[in-house]
Amino acid sequence: MHVLDKSRGYEHPLASEITPREVYAARRDWLRWMATGAAGAALAAWAGREAWAQTAGPGKLPALPGTPSKVPGALTMEKLTAYQDVTTYNNFYEFGTDKADPARRAGSLKTRPWTVVVEGEVRKPGTYDIETLLKLASMEERIYRLRCVEGWSMVIPWVGYSLNELIRRVEPTGNAKYVEFHTLADKAQMPGLNSRVLLWPYVEGLRLDEAMHPLTLLAFGLYGEVLPNQNGAPLRLVVPWKYGFKSGKSIVKIRFTDKQPNTAWNVSAPHEYGFYSNVNPTVDHPRWSQATERRIGEDGLFTRKRPTLMFNGYEAQVGQLYAGMDLKKFY
Ligand SMILES: Nc1nc2c(c(=O)[nH]1)N[C@H]1C(S)=C(S)[C@@H](COP(=O)(O)O)O[C@H]1N2
Ligand SMILES: [Mo]
């Protein structure tokens, strides 16, 4: 509900109607405007500290603040998808295939203690504790579009740091060409593992240069708080120019290899899901078009679908990674 302010002649919401999420979004928009340079670098830095100290997430989970990322392309100005939608409309097949299953069932996921094994073609393999990973590099806020291969999208404010911060520290050998991500597969905690929709564990992979790209995010939080279980707590990958399934949730192992990994979706339906899976409006899924997408939260009787952008709108940042490749062949 909005009221008319007669003295100013336009509508504004009553203070009592402003939710914490709207306060968050308003601060975020203001902060991003400051960070665009309009307000000057020094002022932006000051604004960052002040606004970040005050920023409240939805308040359900422990706070995990990050400073606005300086990585090119990392802060889209688009309207954020509501926290409610981001956390109740999920794909996390380990908890069931219905969009509502993860929010309903992932409460059983134990996120402490948690370790990530780093192995394969690296000079410094090892087992990294979640507390160590949380402190490994400084936390950044990244606001990314997320495009699911099913034809819907969201805009999500993640908190984390570039995966390359971790990769650099483990020192890949000259043989490391690909990175494999294994996510948790524990039947005691994950009822969806009884189904044969996929071969468990859920494995995904990237080429090493894709994994090293600064936009490839190791995410620990969203909306200024730690990740809700249904979004892949305590840590997950976010690769914004690829279909969402490339971004594995609840990662337990990172393996460096010289061979292209067999990934869960590619193994289950190779003609439908390729290893690359870059968002591409000109390469359709065999069963549906990828030219447009439905932005979650915008659905309405007269809402038009949005055009899907090449590399999900990150072409300027990542197009070079695929120079000379036939993207119809390497889908
Ligand atoms: N372990 C695991 N990771 C996963 C999935 C999954 O089923 N299991 N689904 C993927 C798909 S298809 C998408 S679209 C995104 C959804 O992330 P979100 O629920 O946080 O928006 O997670 C990806 N990561
Ligand atoms: Mo997806």
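Ligands are counted one by one from 1 in listed order, and the atoms in each one are counted from 1 as well. Keep in mind that the numbers below use all heavy atoms, side chains included, and drop hydrogens, waters and symmetry copies. Everything numeric in this text was worked out from a predicted model, so none of it was measured.
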*asked:* Over 60° means perpendicular and under 30° means parallel, so tell me whether F245 and Y243 are parallel, tilted or perpendicular.
replied: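 F245 vs Y243 ring planes: parallel.
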
*Can the ring centroids of Y273 and H285 be said to lie less than 6.0 angstrom from one another?*
yes

Would you mind checking if [Y] and [X] are paired as a salt bridge, meaning a charged N to carboxylate O distance below 4.0 Å?
X: R112; Y: E131; result: yes
X: E204; Y: K242; result: no
X: E171; Y: R169; result: no
X: R207; Y: D209; result: yes

*Give the residue, atom name and distance (to 0.1 Å) of the protein heavy atom nearest atom 18 (P) of ligand 1.*
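Looking only at protein heavy atoms, the one closest to atom 18 (P) of ligand 1 is K249 NZ, 3.4 Å.
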
*asked:* Please list the nearest protein heavy atom to atom 7 (O) of ligand 1 with its residue and the distance rounded to 0.1 Å.
replied: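 Of every protein heavy atom, Y93 N, 2.8 Å lies nearest to atom 7 (O) of ligand 1.
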
_Counting only nitrogen or oxygen atoms and a 3.5 angstrom limit, does Q230 reach ligand 1?_
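In fact, backbone or side chain, Q230 has no N or O that close.
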
*asked:* So if I count the atoms of ligand 1 from 1 in the order they appear, which ones are less than 4.0 Å from some heavy atom of C148?
replied: 14 (S)

_Atoms in ligand 1 with a heavy atom of S247 nearer than 4.0 Å_ = 4 (C), 22 (O), 23 (C), 24 (N)

*Of N90, N91, V203, which has the heavy atom at the shortest distance from atom 5 (C) of ligand 1?*
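Checking each option, the heavy atom nearest atom 5 (C) of ligand 1 is found in N91.
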
*From A185, G244, A264 - option closest to atom 15 (C) of ligand 1 by heavy atom*: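 Checking each option, the heavy atom nearest atom 15 (C) of ligand 1 is found in G244.
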
Can you tell me which portion of [X] lies within the under-4.0 Å heavy-atom range of ligand 1? Options are side chain, backbone, both, or neither.
X: R236; result: side chain
X: Y202; result: side chain
X: E204; result: neither
X: T183; result: side chain

*Counting N and O atoms only, with roles assigned by atom type, does the side chain of R255 sit under 3.5 Å from a partner on the main chain of E180, one being a donor and the other an acceptor?*
no

